Amino acid sequence: QLALRGGFMYDRTPTPTHTLSSMLPDADRYNVSAGIGYKLIPGLRCDLSYMAVNISERSTKGKNVDKFDGAYKVFVNLFSFGIAYTLGGE
């Protein structure tokens, strides 16, 4: 009735430094996730999860085509909660 989940992901950025801007400050990402699911009754389940997204620091000083130099560092906390019902299922 109880399911535990977890994961790790490394996502290397495809964005070259010379095209990086404040509109899309992309860099390599390290994601860690954890979740728990619980079967309430046959066919009804609830899930709770968390993911931390750590986007590495990246600088465009002297390399950006728009001359908009800067250093970018981002950290994101993502939370989710869901309830699922399966028709005729367990």
Side-chain angles (χ1 to χ4, degrees):
Q1 289 192 355
L2 185 66
L4 300 176
R5 301 174 187 96
F8 173 80
M9 181 181 78
Y10 170 69
D11 182 16
R12 186 173 171 174
T13 182
T15 307
T17 302
H18 69 277
T19 64
L20 192 67
S21 75
S22 60
M23 298 282 286
L24 185 61
D26 197 24
D28 293 347
R29 299 167 190 236
Y30 300 88
N31 303 343
V32 178
S33 63
I36 187 169
Y38 186 72
K39 183 177 174 183
L40 301 169
I41 58 173
L44 185 63
R45 176 183 93 237
C46 70
D47 296 288
L48 180 66
S49 66
Y50 168 75
M51 183 163 70
V53 180
N54 185 13
I55 302 174
S56 303
E57 185 170 328
R58 193 160 181 198
S59 174
T60 61
K61 187 166 184 168
K63 300 175 187 173
N64 189 280
V65 76
D66 297 330
K67 308 262 187 270
F68 194 78
D69 294 339
Y72 306 96
K73 173 85 174 123
V74 179
F75 188 88
V76 180
N77 291 297
L78 301 168
F79 298 91
S80 72
F81 174 75
I83 296 176
Y85 181 74
T86 304
L87 294 172
E90 295 195 27

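Since the structure is predicted, the reported quantities are computational estimates derived from the model, not experimental observations.
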I36 reachable from I83 in the ILVMFWY side-chain graph, under 4.5 Å edges: yes
L48-L2 co-clustered via ILVMFWY side chain contacts under 4.5 Å: yes
Atom of I55, atom of K73 and distance for their closest heavy-atom approach: O-NZ, 3.5 Å
Pair D28-S56, side-chain donor/acceptor within less than 3.5 Å: no
Smallest separation among heavy atoms of L78 and V76, with atom names: CD2-CG1, 3.7 Å
Same apolar cluster: Y38 and L4, side chain cutoff 4.5 Å: yes
By salt bridge (charged side-chain N to carboxylate O under 4.0 Å, His left out) - contacts of D47 (at least two apart): R5, R45
Residues forming a salt bridge (charged side-chain N to carboxylate O under 4.0 Å, His left out) with R58, sequence neighbours excluded: none
Exercise: identify the closest heavy-atom pair between A27 and T13: C-CB, 3.6 Å
Sequence-distant partners of F81, ring pair (Phe, Tyr, Trp, His ring centres under 6.0 Å), two or more places apart: none
Close side-chain approach of I41 and Q1, heavy atoms under 4.5 Å: no
Linked, directly or transitively: V53 and Y30 (ILVMFWY side chains, under 4.5 Å): no
Gap separating the CZ atom of F8 from the OG atom of S33, nearest 0.5 angstrom: 10.5 Å
